[in-house]
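Some notes on the structure that comes next.
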Amino acid sequence: MKTKLLINKLFAYSESKNKYFYTEFDQGINIIYGKNTSGKSTIFQMLLYTLGINDNNDYLKEIIEEGAFLRVDFQVINNRESEKITFVRDDETIFIKRVDKPIMRFNGIRANQSAEHIKLKGFLHELFNFTLKLENKEGYKAAPIEAMFLPYYIPQSVGWVYLRKSFSSFEYYKNLKEDYLDYYLGIESLVDRDKKQELERKLKSKEDEIKFYLNLENSNDEFQITKLVDEEFVEESLEYIKLHSDNQVLLNENEEEYISKCNEQSYYKERLSLLRKVSRHHKKQNPLEGACPACDRELSFSITSSYKYFQEENDTEAEMVKCKAMIKKLQGEINSLGKLINVRKENNLKTYGILKRYFNHNISFDSWLNNKVNIQLIHDIKYKLGVLSTEKITIENSLKGFKTEEEVQKSRISKSKEFERIFLGYIDDLGVKTLKEDRYISLYNISAFPSQGVELHKTVLAYNFALNKLIEKTDGIHRFPFMLDAIFKEDIEQSNKNAIIEFIGKNKPNDTQLILSIAETKENEKSIHEYNKKYFNGRAKLICIGEGVRERAFLTQYDGSMENYLDETLNIIN
Amino acid sequence: MNNQSKAAVNAGVHGSTGTEFQKHCALYFLFEKYNDLKDRKYFICIEHHDDFLFCYQNSDELISSIDSYQAKKSSEKWEMSGLYELLRKMTGVGLSLNADSMPKVNNYTHNLEFITNNSIQLSNGLRGKGKNKSITINESNSRLKFTDLDTEITNKIEAELTKLLGKDLEGLKELNNVSLAYIDFPKKSAGQKDSLVGLLSRIFGEKVSDHRAAVDALLLLFRDVENTLNQGNVVKLMDESKRVSSASINDAIDIITTKTMAFDLWRNEEKEVCRNLEISIPDKSEFKLNFINSFDRFKDYRQVEHKKILSFVKENSNIMYRFTVETDCILELYQMFRKNISSQLSELSIKAAIYAAYIEVRGQL
């Protein structure tokens with residue numbers, strides 16, 4: 001069962017510059033074309049940015065600085081069920097609209113380590129049933145959002161030269177190649193999972209027990225009760241009760257503070273929403289060209305009215321910046337208060353449970369004797385700890401052996417064989433000289449290719465298509481649109497262009513969208529139509545950027561044509 | 001009129017975006033000279049004879065002197081070869097200024113200045129040790145008059161100009177009025193505006209609360225003149241449609257110093273408002289938000305109810321002189337408004353808006 005992502009619409013709008021961009025995507029093939037530097041790559045980067053990936057922020061700097069917000073509408077298809085979801089990203093905040101659900105909001109997501117970005121990552125992993133974990137110096141952690149796009153996105157910058165370098169954030173993971181390929185080829189599931197899980201469970205319980213013995217004074221209910229009951233510990237019992245009540249007072253204070261922070265944040269959200277509205281209206285009321293909306297008369301120009309207008313405009317913008325900063329700051333405070341409250345609640349629940357049992361305790365000879373036994377036990381703990389530590393090390397050692405197990409090796413070899421067959425077929429199709437050495441054709445050994453120029457370009461193309469085909473055959477792996485940015489290098493001549501596009505037409509994945517970009521000038525627009533007719537049966541959707549003539553002009557003057565859609569977007573944000 | 005200046009009559013008028021650098025320079029000089037200019041009579045012309053002119057008048061409106069500027073932005077440094085054609089044009093401007101029929105005083109003079117934001121290297125064109133003479137105009141040596149240059153360099157320039165002028169050598173003597181200057185101005189328009197904002201804040205300080213808005217407003221002084229085409233290709237200083245007079249400049253400066261909108265100060269009154277109007281505790285936070293937001297709603301013509309309140313308070317601002325206690329005045333305005341004008345807004349919103357309008361209007365009285 002696969003979870004599929006289908007991108008429907010991309011929309012960008014800059015309030016301050018009154019500029020926008022809008023396009024729709026087809027279910028099948030989408031060809032983005034336009035002059036060099038007209039903004040074709042920007043489309044890919046904006047899609048990724050809107051879905052929470054921060055890796056491209058530098059490329060998008062100009063657009064982000066124009067104060068644009070971005071919106072992506074997409075569908076998540078799972079088992080023939082399809083859900084429509086909208087993501088809107090406004091600088092550091094992402095808003096998520098799902099049908100019949102309240103709008104979710106993640107504030108302050110520009111840093112990948114921020115609590116909000118980790119929440120967002122968790123949300124996306126669950127949405128697409130993505131479970132890859134990668135190892136860095138802090139141990140195995142849920143893989144970044146980028147990892148979900150890694151096999152599906154070839155960027156213009158490095159994608160046609162290096163493998164697995166589409167995003168910069170993968171440098172610090174150990175065994176990236178193996179973990180990543182194993183996951184996407186479904187190899188983990190072939191391992192004797194039960195056995196491994198059993199060991200993991202045992203390890204966890206040993207660790208817990210060790211922790212438990214170490215923190216015995218506070219963590220074992222029986223022992224706590226023993227202490228409370230035993231006459232030796234009367235003073236400690238009183239202290240225990242006092243601690244509980246102090247904790248409760250602190251908890252109440254934290255909760256109070258939490259509520260007032262939330263209210264304070266609502267205040268700024270409400271104010272920001274008004275400022276946005278005023279700003280939008282105000283844009284159309286510039287005395288230099290605007291008209292009065294109340295009476296439709298042209299506003300008359302004078303230095304006085306313009307000066308007033310400029311001051312108002314600057315003030316609105318400054319106030320919006322202030323509001324956004326406050327919302328972000330408060331979100332941080334709310335998050336850390338939330339965490340604190342949870343910890344306190346857990347602690348209180350525990351102490352409360354112990355106290356309850358203490359008060360219900362029937363003191364008899366039996367229980368007295370039991371208590372005395374427990375006290376003896378407390379003295380034995382040091383010995384017990386030593387034993388546990390040894391056991392833990394043994395389990396850890398046997399777990400280490402797991403990844404190199406023969407079965408894993410075997411299935412890697414079989415997947416490699418399958419890959420080799422498809423890959424060699426593809427490079428033959430593309431007219432590339434056959435590769436012979438193991439390090440260039442065996443999936444787990446490939447880290448670079450020996451050729452350069454067009455030859456390298458085509459080899460990388462074949463590699464990515466072969467890997468995609470292999471993933472398509474793996475159960476349970478999410479499927480994202482195959483996104484190829486700049487399928488022609490600048491110096492490719494026409495016969496090679498034809499070969500590449502024919503190859504793509506023939507071998508494109510059948511279960512996902514294909515989004516690719518081609519740099520063509522206005523004069524060559526005809527050839528785009530010809531490619532479409534000849535190699536895609538005329539079924540590709542053509543998306544032209546900058547009318548084939550403009551450079552660095554991704555956003556265009558907003559002409560008022562999308563009022564409803566824009567209002568809907570603003571409603572999501574507000 | 002000679003042919004040379006005719007060609008430059010409407011230069012740049014059609015692409016009025018290309019004249020940004022000229023406008024920025026004109027404003028720059030206006031600021032630089034402001035202390036000297038503020039009590040004099042003068043006018044500025046844009047795209048008229050040359051890129052811009054500062055024309056000084058005596059009390060009878062006769063022209064006493066003119067500073068004419070040729071402003072060129074450049075990303076490379078200037079060398080001799082690039083200057084001849086410009087100098088030919090400038091000497092032509094000198095001749096046509098002399099010929100202009102606008103009445104002048106007897107001892108009328110003019111200065112023809114070339115300004116640029118890159119360094120200018122002048123030399124006698126000879127190579128070899130001891131033979132080469134050169135001088136550079138840049139940050140450390142920002143202005144030189146033609147008459148102060150080394151004779152070998154002036155001779156070289158005169159020789160090249162003679163070639164360009166052909167038969168009509170009258171322009172050569174205008175070289176004595178020429179000067180060349182370096183202006184420390186960034187390359188990009190936005191950077192130039194930043195410098196202007198800095199310059200303006202040095203001159204006016206806290207008299208203006210939003211210096212950027214003030215610069216934007218002052219630039220509009222040149223808006224009408226730059227969009228007016230010269231009639232029939234004849235340049236005349238008499239043509240008032242191409243002038244920005246000292247009177248209108250003084251008006252504009254009056255506007256930017258008196259019509260200042262001190263939003264931050266106004267919003268700061270938030271702390272006092274509830275106490276002054278005895279707003280009950282449960283209504284306090286709503287009232288404060290209403291108060292703060294009112295300043296933003298006043299900006300927007302679509303917030304008709306709020307616009308009504310602001311104009312009401314403006315129209316009745318004369319009653320402010322009758323009160324010594326502000327609260328009484330605000331309450332009176334509120335009562336008057338309720339009596340005379342119907343509004344859908346809640347009582348609390350009206351009160352908050354009247355308070356805000358009161359503060360905004362009071363600040364501008």
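Bear in mind the structure is a predicted one, so any value in this text is a computation, not a measurement. Quick note on labels: first sequence line is chain A, next is B, and so on, each numbered from 1.
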Kindly indicate whether the side chain of [X], heavy atoms from C-beta on, has any atom under 4.5 Å from the side chain of [Y].
{"X": "A:T316", "Y": "B:F295", "answer": "no"}
{"X": "B:F263", "Y": "A:E319", "answer": "no"}
{"X": "B:D251", "Y": "A:I303", "answer": "no"}

Exceeds 12 heavy-atom contacts within 6.0 angstrom, atom [atom1] of [X]:
{"X": "A:K328", "atom1": "NZ", "answer": "no"}
{"X": "A:K322", "atom1": "NZ", "answer": "yes"}
{"X": "B:K33", "atom1": "NZ", "answer": "yes"}
{"X": "B:K308", "atom1": "NZ", "answer": "yes"}
{"X": "A:Q557", "atom1": "CD", "answer": "yes"}
{"X": "B:F204", "atom1": "CZ", "answer": "yes"}
{"X": "A:E563", "atom1": "CD", "answer": "yes"}

Is it the case that the side chain of A:Y307 and the backbone of B:A217 share a donor-acceptor pair, with hydrogens and angles ignored and the cut-off at 3.5 Å?
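Absent.
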
Verify, without hydrogens or angle tests, whether A:Q311 (side chain) and B:A213 (backbone) share a donor-acceptor contact under 3.5 angstrom.
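Looks like no, no N/O pair under 3.5 Å.
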
In plain terms, say whether B:D296 and A:R276 are close enough for a salt bridge, that is, a side-chain N and a carboxylate O under 4.0 Å apart.
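The answer is no: the pair does not qualify as a salt bridge.
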
Pair B:I256-A:F310, side-chain contact (heavy atoms from CB on, under 4.5 Å): steps then yes or no:
CA-CA 11 Å; B:I256 64 159; A:F310 292 142; over 6 Å; no

Stepwise, does the side-chain contact (heavy atoms from CB on, under 4.5 Å) test hold for A:D315 with B:M261?
CA-CA 9 Å; A:D315 177 66; B:M261 305 179 90; over 6 Å; no

Toward chain A, the part of B:T260 with a non-hydrogen atom under 4.5 Å:
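Both parts, heavy atoms under 4.5 Å.
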
Pair A:Y267-B:L289, side-chain contact (heavy atoms from CB on, under 4.5 Å): steps then yes or no
CA-CA 8 Å; A:Y267 168 90; B:L289 180 63; 3.3 Å; yes

A:E313, A:K308, A:H281, A:H282 screened by side chain to side chain contact (heavy atoms under 4.5 Å, CB included) with B:K299, the one that passes:
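Filter result, single survivor: A:H282.
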
Engaged part of A:K283 at the chain B interface, taking heavy atoms whose separation is under 4.5 Å
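Neither; nothing under 4.5 Å.
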
